[in-house]
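Quick note on labels: first sequence line is chain A, next is B, and so on, each numbered from 1. In this text, all values refer to a predicted model and were calculated from it rather than measured experimentally.
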Number of protein chains: 2
Amino acid sequence: MNTLSYGLLSILAQSSFSGYDLMLRLQPFWPAKHSQIYPLLASLEKEEYVSYEHVAQSDKPDKKVYSLTDKGKQALRDWLSEPAAEPVTRDELMLKAYCLSNTDPEGARRLFSARLEYYRKRLRQHEDKAALLRERGEFPMNGEAPPFESIRFGSYILVEKALRTTRSNIEWTEWALSLLPLPE
Amino acid sequence: MNTLSYGLLSILAQSSFSGYDLMLRLQPFWPAKHSQIYPLLASLEKEEYVSYEHVAQSDKPDKKVYSLTDKGKQALRDWLSEPAAEPVTRDELMLKAYCLSNTDPEGARRLFSARLEYYRKRLRQHEDKAALLRERGEFPMNGEAPPFESIRFGSYILVEKALRTTRSNIEWTEWALSLLPLPE
DNA sequence: GCGCTCATGTAAAAAGTTACATGATTTC
DNA sequence: GAAATCATGTAACTTTTTACATGAGCGC
């Protein structure tokens, strides 16, 4: 049982999903490719943390829909009671920033402008998701938080984190760009 | 040549360092263990991206001090002209937050309090480092940025990033804690 | 004496990415 | 007709972590 396994169980705690759906939903928190997820799901099923049922579809390929077993739920609760590992971030742009004097202002501007666009795109995605969740009635309309006991509480604070982090990153990137020599 | 290799070259662009120093300096941007760095340095030396000289020490063990070769400098410039890959963050607490309704308020408070302490410690470290760099005269005293051409420009914007990110994370964690049911 | 820092390395295991493989439906 | 999405899987490879290995000096 590694962190990715618990990640899968965490998503399944909300609802049942196919391996494909699990992969998409896990991306924002613990990026993983389908080639890592499918074999893991098979082993989690073998160890009885999850079970699945075959669901035939007419318009799309058939799928396996996975659910948490009692053993899986218990494993999730045990894992939640342990302290969380420290976060790890790897960002190539930070390495490039470190030795930025080895490029020219144009090269630097290209790097930071591309990153700014990336962050802005991410912000739009997060805002769209927040709007969708509000429209769907999953978040209260009055701007208040769902109660702690609700299964929506987690999503609520995570959307807020994504928005804050992305806005902070945008502000920093704009600030860094403003320090670069003006293009002529 | 993978990203970690370029990370090593990026640090060496500032000054020459031992493998041990390189490991420590790389931690904030691209965490890696010494067991990954030493063999990589050997292969970078073999491919003539870096060279080293043996430095005998009386109080501490002898060390190999690595420097960038001309080939290494050119590789660094070529790499800088390419766009940076997207950042990757993996944070176990975000997974735990997602299924937080599967624990009690006490468990949730433990998780977020521990994270808040971690972020506060990190903030102190970053503030200390900023103060040190100012005292050493590496950053201008008046609060302005070093010029873009200076080798300090990169450190300057990276320290600012670390401070902004950590403060934003602290604020979010405090906000999340404030939403948890009061302990009695 | 015990643990920490400095210092370098190798070996094995685990985690993650890329490529190979297939195939229907839908959208441009 | 080409590309994207949904859907699942395996194989090969790269990257990262953990464990094994050694050893001197320093502070408590």
**Student:** Is B:I151 reachable from B:L76 through a run of hydrophobic residues whose side-chain heavy atoms are each under 4.5 Å from the next?
**Tutor:**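 No; B:I151 is not reachable from B:L76 via cluster members.
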**Student:** To the nearest Å, give me how far apart CD1 (A:I37) and C1' (D:dT10) are.
**Tutor:**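 In whole Å, D:dT10 C1' lies 16 Å from A:I37 CD1.
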**Student:** Could you check which of C:dT17, D:dC26, C:dT10 has an atom nearest any side-chain atom of A:S35?
**Tutor:**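 Out of C:dT17, D:dC26, C:dT10, the nucleotide with an atom closest to A:S35's side chain is C:dT17.
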**Student:** How does each nucleotide of nucleotides 1-8 of chain C score, in 5' to 3' order, for protein heavy atoms under 4.0 Å: base (B), sugar-phosphate only (S), or none (-)?
**Tutor:** ----SBBB
**Student:** Does A:M1 share a hydrophobic cluster with A:I37, counting links as ILVMFWY side-chain heavy atoms below 4.5 Å and allowing steps through other members?
**Tutor:** yes
**Student:** Do B:I157 and A:I170 share a hydrophobic cluster, counting only Ile, Leu, Val, Met, Phe, Trp and Tyr and linking them when any side-chain heavy atoms are less than 4.5 Å apart?
**Tutor:** yes
**Student:** Between C1' on D:dC6 and CZ on A:F17, what's the gap in Å once rounded to a whole number?
**Tutor:**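 My rounded result for the distance is 15 Å.
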**Student:** Mind checking what makes ring-ring contact (aromatic ring centres under 6.0 Å, His included) contact with A:Y20, not counting sequence neighbours?
**Tutor:** none
**Student:** Take A:S58 and A:K33, find for each the nucleotide of DNA chain C with the closest heavy atom, and name the residue whose nucleotide sits nearer the 5' end.
**Tutor:** A:K33
**Student:** With a cut-off of 3.5 Å and sequence neighbours excluded, list every side-chain donor-acceptor pair involving residues 118-125 of chain B.
**Tutor:**
from, atom 1, to, atom 2, distance (Å)
B:Y118, OH, B:R122, NH1, 2.9
B:Y119, OH, B:R115, NH1, 3.3
B:R120, NH2, B:E174, OE2, 2.7
B:R122, NH2, B:H126, NE2, 3.4

**Student:** Could you work out, with side-chain hydrogen bond (donor to acceptor under 3.5 Å, both in side chains) as the rule, every residue matching B:R167, not counting sequence neighbours?
**Tutor:**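 Per chain and number, B:R167 pairs via side-chain hydrogen bond (donor to acceptor under 3.5 Å, both in side chains) with no residue.
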**Student:** Give me the bend of the helix from C:dG1-D:dC28 to C:dC28-D:dG1, using the axes of the five pairs at each end, rounded to 10°.
**Tutor:**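 So the angle between the two local helix axes works out to 50°.
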**Student:** Using a 4.0 Å heavy-atom cut-off, does B:T3 contact any base of the nucleic acid, only the sugar-phosphate backbone, or nothing at all?
**Tutor:** nothing
**Student:** OP1 or OP2 of D:dT16 versus the side-chain N and O atoms of B:W30: is any pair under 4.0 Å?
**Tutor:**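 Checking B:W30 against D:dT16: at least one side-chain N or O falls below 4.0 Å of OP1 or OP2.
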**Student:** Less than 4.0 angstrom between a side-chain N/O of A:Q36 and OP1 or OP2 of C:dA15, yes or no?
**Tutor:** no
**Student:** I need the CG-P distance between A:L40 and C:dA15, as an integer number of Å.
**Tutor:** 8 Å
**Student:** Select from A:M1 and A:D59 the residue whose nearest nucleotide in DNA chain C is closer to the 5' end of that strand.
**Tutor:** A:M1
**Student:** Let me know the distance between CG of A:L4 and P of C:dA14, rounded to the nearest Å.
**Tutor:** 15 Å
**Student:** Which whole-number value in Å describes the distance from A:L8 CG to C:dG16 P?
**Tutor:** 11 Å
**Student:** Between B:R90 and C:dG16, does any side-chain N or O lie under 4.0 Å from OP1 or OP2?
**Tutor:**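 So the side chain of B:R90 is within the cut-off, an N or O lying under 4.0 Å from OP1 or OP2 of C:dG16.
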**Student:** Rounded to whole angstrom units, what separation is found between the CD atom of B:E86 and the P atom of C:dT17?
**Tutor:**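 Value for this atom pair: 13 Å.
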**Student:** Picking from A:Y6, A:Y156, A:F29, what satisfies ring-ring contact (aromatic ring centres under 6.0 Å, His included) with B:Y98?
**Tutor:** A:F29
**Student:** Is there a continuous path of hydrophobic side-chain contacts, each under 4.5 Å between heavy atoms, that joins B:L24 to B:L133?
**Tutor:**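 Yes, it is one cluster - the side chains of B:L24 and B:L133 are joined through contacts under 4.5 Å.
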**Student:** Name every donor-acceptor pair, under 3.5 Å, that has one atom in a side chain of residues 38-64 of chain B and the other anywhere in the protein, sequence neighbours excluded.
**Tutor:**
from, atom 1, to, atom 2, distance (Å)
B:S43, OG, B:L40, O, 3.1
B:Q57, NE2, B:P61, O, 2.6
B:D62, OD1, B:Q57, N, 3.0

**Student:** Could you give the CG-to-P distance, from B:L22 to C:dG9, as a whole number of Å?
**Tutor:** 12 Å
